[in-house]
Amino acid sequence: LRIDTMESQFDPLGSLRFLEIGVDRRFKIAYPEQTDFFYTGTRHHSHFGPGSQVLSPVALWKIVGRLRRGEYDLIVVHPPLYPAWHLRTILHVIRYRPLTFPVGLFSTLAFHFLRLVRRTPIVVTDMLDSFGIPKHNFFLFDLCRTYYKRELPSDNWLVFYGTGHRNLPGRSFRTFSRFQRYIKKLRPISIGASSLFEQSDTPLPEKTSDLFFSGTIGSSSAREKGLAHVLALRERGIRVDIPDKRLPWEEFHKRCAAAWLVWSPGGFGWDCVRHYEAAMAGSVVVMNYPSIEMHQPLRHGEHCLYYGVEGEHLAETIVSAIENRPQLEKMAQAARKHSLAHHTYKALAK
């Protein structure tokens with residue numbers, strides 16, 4: 001075999017064991033046989049499908065034993081937005097787990113057993129919509145090797161706005177050695193995606209629309225401002241596909257693939273699953289300018305198109321792009337290749 005072929009087939013994570021704990025999962029999707037996932041959020045753990053377990057007292061006892069025996073190579077932590085003692089957490093546990101309320105509440109508290117871990121390396125993957133880091137999660141900085149954050153502000157210090165500092169972290173705050181240590185551990189990470197067209201050899205459908213969008217409008221002012229401009233494009237001969245109801249998962253991906261462009265403004269957070277779903281489906285994504293530091297970003301003019309939310313910039317960007325379909329085809333191919341290489345769950349785990 002050629003060396004490059006051997007390297008492409010080698011998986012550096014193929015023989016490792018992972019313990020994934022928290023309110024989300026990524027490694028369990030990417031490496032299901034190698035990952036034990038224990039949910040510590042307020043919903044019922046079955047919400048995350050087969051293989052998901054609640055961090056019950058029995059489970060915690062077994063985990064501690066496995067950690068003592070060195071059976072895990074890495075602990076992956078998805079931190080919660082609210083602490084276990086917050087009233088919102090307690091009420092949500094009662095709502096989503098009325099029959100197993102004690103176990104649910106225990107799991108949100110047991111999350112803090114991580115304070116006792118000493119030998120097994122820990123990484124944090126914060127996929128929350130918020131650009132801030134709540135104060136109750138600061139202890140994770142002292143435990144982890146790296147703190148990956150999806151909505152990482154371009155000025156990383158802003159993660160402490162309203163938590164470490166009541167306002168914009170100023171000059172004196174940025175001299176504190178504790179928070180300087182924390183800043184050095186921060187890294188960007190994308191939310192990632194899975195796709196109906198994730199396999200590189202999956203055939204893509206023919207293009208039947210110029211622009212596609214499906215999503216909740218009220219989750220972002222960028223969406224509210226842009227919708228009227230997008231709808232008005234129909235009067236200029238642009239084929240705009242906007243369904244009037246939520247689409248099933250497969251249908252959504254097929255409609256993405258059938259469009260030359262997919263409008264994907266930020267929602268509650270700027271980074272959005274749609275950015276990468278559309279790119280994997282072989283379409284060019286149209287996004288408002290990012291407000292965060294990104295991991296392996298899609299590049300303007302090469303993989304995607306960025307626009308300003310002011311004035312007619314969105315409409316002008318779309319019309320100009322549609323006039324050059326050969327260029328869009330090249331960009332779509334590059335975006336698909338880039339997203340499959342860097343933004344699948346397995347790529348992010350690696």
Side-chain angles (χ1 to χ4, degrees), residues 150-151 154 188 190-193 195 197 204-217 219-243 252-267 269-343:
R150 163 196 160 200
E151 293 293 312
S154 53
S190 72
I191 193 171
S195 172
F197 304 98
L204 300 174
E206 294 183 4
K207 302 297 185 183
T208 57
S209 65
D210 295 321
L211 180 72
F212 172 70
F213 171 76
S214 177
T216 304
I217 294 298
S219 63
S220 165
S221 62
R223 297 184 182 187
E224 292 175 343
K225 292 178 180 179
L227 181 61
H229 296 286
V230 169
L231 293 175
L233 290 173
R234 289 172 173 167
E235 299 176 3
R236 302 172 68 173
I238 304 295
R239 297 171 297 174
V240 177
D241 178 14
I242 300 182
F252 172 82
H253 286 256
K254 290 178 180 178
R255 299 271 277 271
C256 281
W260 286 98
L261 300 170
V262 173
W263 182 41
S264 187
W270 182 87
D271 196 39
C272 180
V273 175
R274 187 191 297 102
H275 298 347
Y276 311 107
E277 289 175 325
M280 291 178 192
S283 297
V284 175
V285 193
V286 182
M287 301 170 281
N288 56 304
Y289 287 126
S291 58
I292 60 172
E293 179 180 345
M294 294 182 288
H295 165 73
Q296 293 290 344
L298 296 166
R299 292 185 288 273
H300 178 75
E302 181 180 351
H303 305 124
C304 68
L305 296 168
Y306 292 117
Y307 70 93
V309 296
E310 305 84 5
E312 299 287 332
H313 196 200
L314 171 58
E316 293 170 357
T317 299
I318 293 170
V319 171
S320 176
I322 290 298
E323 291 175 350
N324 191 351
R325 297 179 195 272
Q327 178 63 20
L328 283 181
E329 188 170 359
K330 293 179 182 178
M331 291 173 61
Q333 292 173 357
R336 175 171 162 79
K337 181 178 179 180
H338 181 85
S339 294
L340 291 176
H342 300 293
H343 298 290

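Both backbone and side-chain heavy atoms feed into the values below; hydrogens, waters and symmetry mates do not.
Under the 3.5 Å distance criterion, the side-chain polar atoms of S320 are left unmatched by any main-chain donor or acceptor of E316. Under the 3.5 Å distance criterion, the side-chain polar atoms of E151 are matched with a main-chain donor or acceptor of W270. Using modelled atom types, no side-chain atom of S219 and backbone atom of G267 make a donor-acceptor pair closer than 3.5 Å. Looking at R336, its side chain does come within 3.5 Å of a backbone N or O of F197 through a donor-acceptor pair. Proximity of a side-chain donor or acceptor of H275 to a complementary backbone N or O of I191 within less than 3.5 Å is not detected. The backbone N or O of P243 lies less than 3.5 Å from no partner atom in the side chain of S214, so there is not a single donor-acceptor pair.
The shortest non-hydrogen separation linking C304 to M287 is SG-CE, 3.5 Å. Listed here is the closest heavy atom pair of L298 and Y306: O-OH, 2.7 Å. In this structure, F252 and E277 approach most closely via the heavy-atom pair CE2-OE1, 3.2 Å. For the pair A222 and W263, the tightest heavy-atom approach, listed with the atom from each and the gap, is O-CZ2, 4.0 Å. Smallest separation of non-hydrogen atoms from V262 and C256: CG2-O, 3.9 Å. Between A259 and L211, the closest heavy-atom pair is CB-C, 4.4 Å.
For the atom pair I242 CD1 and R255 CZ, the distance stands at 10.5 Å (nearest 0.5 Å). Here the straight-line distance linking atom CG of N288 with atom OG1 of T317 works out to 11.0 Å at 0.5 Å rounding. Atom OG1 of T208 is separated from atom NZ of K254 by 12.5 Å, given to the nearest 0.5 angstrom. Note that CZ of R150 and SG of C272 are 7.5 Å apart. Values are rounded to the nearest 0.5 Å. Atom NZ in K337 sits 9.5 Å away from atom NE2 in H342 (nearest 0.5 Å). The CG atom of L233 sits 5.0 Å away from the CD1 atom of I318 when rounded to the nearest 0.5 Å.
Using a cut-off of 4.0 Å between Lys/Arg side-chain N and Asp/Glu carboxylate O, D210 and R325 are scored as salt-bridged.
Between H313 and H229, the distance separating the two ring centers is not shorter than 6.0 angstrom.
Heavy atoms of other residues, nucleotides or ligands lying less than 6.0 angstrom from CZ of R234 number more than 12. Residue-environment remark: NZ (K207) exceeds the threshold of 12 foreign heavy atoms within 6.0 Å.
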Query - D271/Y276 under side-chain contact (heavy atoms from CB on, under 4.5 Å): CA gap, chis, key distance, verdict - result: CA-CA 10 Å; D271 196 39; Y276 311 107; 2.6 Å; yes
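The closest side-chain donor-acceptor pair between S190 and H295, if any, does not fall under 3.5 angstrom.
When side chains are defined from C-beta on, E310 does not count as touching K225, because their heavy atoms never get closer than 4.5 Å. Residues R223 and P265 have side chains in contact (heavy-atom distance under 4.5 Å, counting atoms from C-beta outward).
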